[in-house]
Amino acid sequence: MNRSPVSRPAVLSLPPWLAHPLRTQRGPVPWSAVTRGALAAGPLLLAGVLSGRTPLGVLAAIAAMLAGINDRPGSRRASVRRLGVPALAGALGLLVGTYTGQVLSAVPLTLLLTVLGLVAGGISAVGPVASAAGTQLLVASAIGAGMPAAESGWQRALAFLAGAGWLLLLRLALPTPGSLAGDFRFDGEREAVADVYDAVAALLDAVGTGSATARRAALTAALDHAQDALAGPRLRRYAGSAAERRLHAQYAAALPLAEAATALAWVGEPVSARAAEGPRRLAAAVRGNTGTGPLPAPTRSAPALRALDDALLRAAEAFDRTEDGAHRLLARRRGARDAVRAALGTGGREYGLRVALCFGASAAVAQALHHTRWYGQHQHWYWLPATAVFLVKPDLGPLASRVLSRAAGTVLGALVFAGFAAVLPRPEGLIVLVAVCGALIPVATRNFAALTTVVTVLVLALVMVGGESQASASRIGETLLACAIVLIVGHLPMPGERGGGVRARLAAAAGAAHTYLVHVLSESGDRTERWALRREAYRTLAEARTAITLAAAELPALARHTEGTDAVAAVLERLVDTTTACAVHLDDAGHLTPRHTRQLRELLHELEQRQEWVGPPAAA
């Protein structure tokens, strides 16, 4: 008997909230970060043990571990802010937690920690660095209050800063594979700029195909990464060396190329393979720090192709110039006022309230269990609130994904540690185990469950060296309890509209898109300003897309509050793409075609119908 197609077994499709914990980022092993991890927490713990200051050595190792979690790929200059700011916040949290934990009883201390969670949660809405700072502030305050020690608060804070500072020093001083082949001063910057040119070439190859949108998004990510790599803190306003000024000029030369490629993608007519050869040769020149040689020029049969040709000519001039003037890097157009607005906005308020409730509730439960001796005689109750902090962080994945990953990782980590603790000598074997776990952190950050497993083993080894020998069972129980608290609080109805984080990101993207559109339609001759506005428009769109993707992978009870937002982001992306095409066409012809005006009118009308997500439309 013939079997009908309907009777074939269906392919198993997991719901997003269950599929997300199984996803793992792919890429080469970051051997330089692995080396730094091996030289950070383990040696710091060894120094504390040998000097007779084991508690301070444990705190320094914890700080190095937290800094290692933030030690992501990028330039040395960018790492100063990415590692340093959270470390300062952690030292402050440890100082506050230590002194308040010594003088306040359980109820006032819980209220104080709840307020601290509200502040740290709001700050976390500002951006990735602020989010990491908020995390370390709360984790360190929980450790300071829940890990009694004979040392004073300022001694513990200095030990924390020393631990994070040691990893930052390794990040700045140790060479990496990329820097060994060229200038030691550039660690990530040159590769990041070269990736931009490769992304331009990939977009040109995809023009007229279904993958053009994805390639344009990849170009945005490459530009964001290069901008961050070059825009770290500096002593001078402008680049201080000829080599760095030249690299900045090469980044600036990529902006009109990206603009022309985006305009060609908007037109949708395939271009010859010859058009992508120029950007690829520029990418090779950046990586090798060499001249470009002759560049194949594209045909000049359309405004966007003429813009591409002009951009290639200007790039060739920038590359062949041995000494370049000071370039103003197109950094993010955000100041203190924007940060305050983000922290106090809908996303910051919603996130701050959830963090405060989770952190305060977990601290209260932890202290109740501690004072009643419900799970043993140990003196430390910080694990439950510290776990809740990581669980409530939306930038670490959807809520259900974080809970599942944390629970599985903690159980596995505790079992693995129990096996090692049974056979390793103390403290020598445990110190080696800490060093090995520190080396594994840069690889484990690609999956939250794997990171939780490694961190659990590392922290259990630290607390055992510090004198707490029976911690594995209680850590599993406290983790599962924290998971339950965060799941309950995460689904509680809150004042105002749900989906505040996504709403705030979409509103910011809409504002940046309208500002960019107004500038282009004003026919201003300031192209540098135009490129800066274009960068901010695409960057805020990318952030909104990330927030929407995470919200869509929540449990249905939460995901329904952001349904339809991906369509809003798609409209905004088309608006920014159309604005870019308008800018290129205005440069060439001085006026817009009926297709440009019709597209703008339709997109603005569609956004006007979605005011509940992006706010009232701006006048264009």
Spatial distance of atom [atom1] ([X]) from atom [atom2] ([Y]) [nearest 0.5 Å]:
{"X": "Leu506", "Y": "Thr562", "atom1": "CG", "atom2": "OG1", "answer": "9.5 Å"}
{"X": "Arg314", "Y": "Asp309", "atom1": "CZ", "atom2": "CG", "answer": "10.0 Å"}
{"X": "Leu83", "Y": "Ile69", "atom1": "CG", "atom2": "CD1", "answer": "11.5 Å"}
{"X": "Leu533", "Y": "His514", "atom1": "CG", "atom2": "NE2", "answer": "14.0 Å"}

Do side-chain atoms of [X] reach the backbone of [Y] as a donor and acceptor pair under 3.5 angstrom?
{"X": "Ser522", "Y": "His519", "result": "yes"}
{"X": "Arg274", "Y": "Val271", "result": "no"}
{"X": "Ser524", "Y": "Val520", "result": "no"}
{"X": "Arg36", "Y": "Leu167", "result": "no"}

ask   = When the aromatic ring centroids of Trp266 and His596 are compared, is their separation below 6.0 Å?
value = yes
message = Are Phe319 and Tyr197, when compared by the centres of their aromatic rings, separated by less than 6.0 Å?
response = yes
Going by an N to O cut-off under 4.0 Å, is there a salt bridge joining [X] and [Y]?
{"X": "Arg287", "Y": "Glu191", "value": "yes"}
{"X": "Asp205", "Y": "Arg280", "value": "yes"}
{"X": "Asp587", "Y": "Arg527", "value": "yes"}

Please report the closest heavy-atom contact between [X] and [Y], naming both atoms and the distance.
{"X": "Ser124", "Y": "Ala120", "answer": "OG-O, 2.8 Å"}
{"X": "Ala194", "Y": "Val286", "answer": "N-CG1, 3.8 Å"}
{"X": "Ala212", "Y": "Leu203", "answer": "O-CD1, 3.6 Å"}
{"X": "Glu189", "Y": "Ala229", "answer": "CG-O, 3.5 Å"}
{"X": "Ala38", "Y": "Pro43", "answer": "O-CD, 3.5 Å"}
{"X": "Ala513", "Y": "Leu572", "answer": "CB-CD2, 4.4 Å"}

query = Hey, mind stepping through Gln250 and Leu282 against side chain to side chain contact (heavy atoms under 4.5 Å, CB included) and telling me if it holds?
reply = CA-CA 9 Å; Gln250 290 169 344; Leu282 293 174; over 6 Å; no
Could you tell me whether the side chain of [Y] reaches within less than 4.5 Å of the side chain of [X], counting heavy atoms only?
{"X": "Arg530", "Y": "Asp526", "result": "no"}
{"X": "Leu521", "Y": "Leu592", "result": "yes"}
{"X": "Leu223", "Y": "Leu255", "result": "yes"}
{"X": "Thr540", "Y": "Arg505", "result": "no"}
{"X": "Thr262", "Y": "Val584", "result": "no"}
{"X": "Glu269", "Y": "Leu264", "result": "no"}
{"X": "Pro30", "Y": "Arg446", "result": "yes"}
{"X": "Tyr538", "Y": "Leu219", "result": "no"}

Judged by modelled atom types alone, do [X] and [Y] share a side-chain donor-acceptor pair under 3.5 Å?
{"X": "Thr209", "Y": "Ser211", "answer": "yes"}
{"X": "Ser32", "Y": "Arg171", "answer": "no"}
{"X": "Thr549", "Y": "Arg545", "answer": "no"}
{"X": "Thr580", "Y": "Tyr516", "answer": "yes"}

Stepwise side chain to side chain contact (heavy atoms under 4.5 Å, CB included) test for Glu536 and Trp531 = CA-CA 9 Å; Glu536 186 65 12; Trp531 294 331; over 6 Å; no
key: Evaluation steps, side chain to side chain contact (heavy atoms under 4.5 Å, CB included), between Val129 and Asn70   = CA-CA 9 Å; Val129 175; Asn70 295 324; over 6 Å; no
key: Asp228 and its salt bridge (Lys or Arg N to Asp or Glu O under 4.0 Å) partner, picked from Arg535, Arg81, Arg539   = Arg539
task = Just do the side chain to side chain contact (heavy atoms under 4.5 Å, CB included) check on Phe448 and Arg402 with the steps written out, would you?
result = CA-CA 7 Å; Phe448 191 45; Arg402 298 193 302 272; 3.9 Å; yes
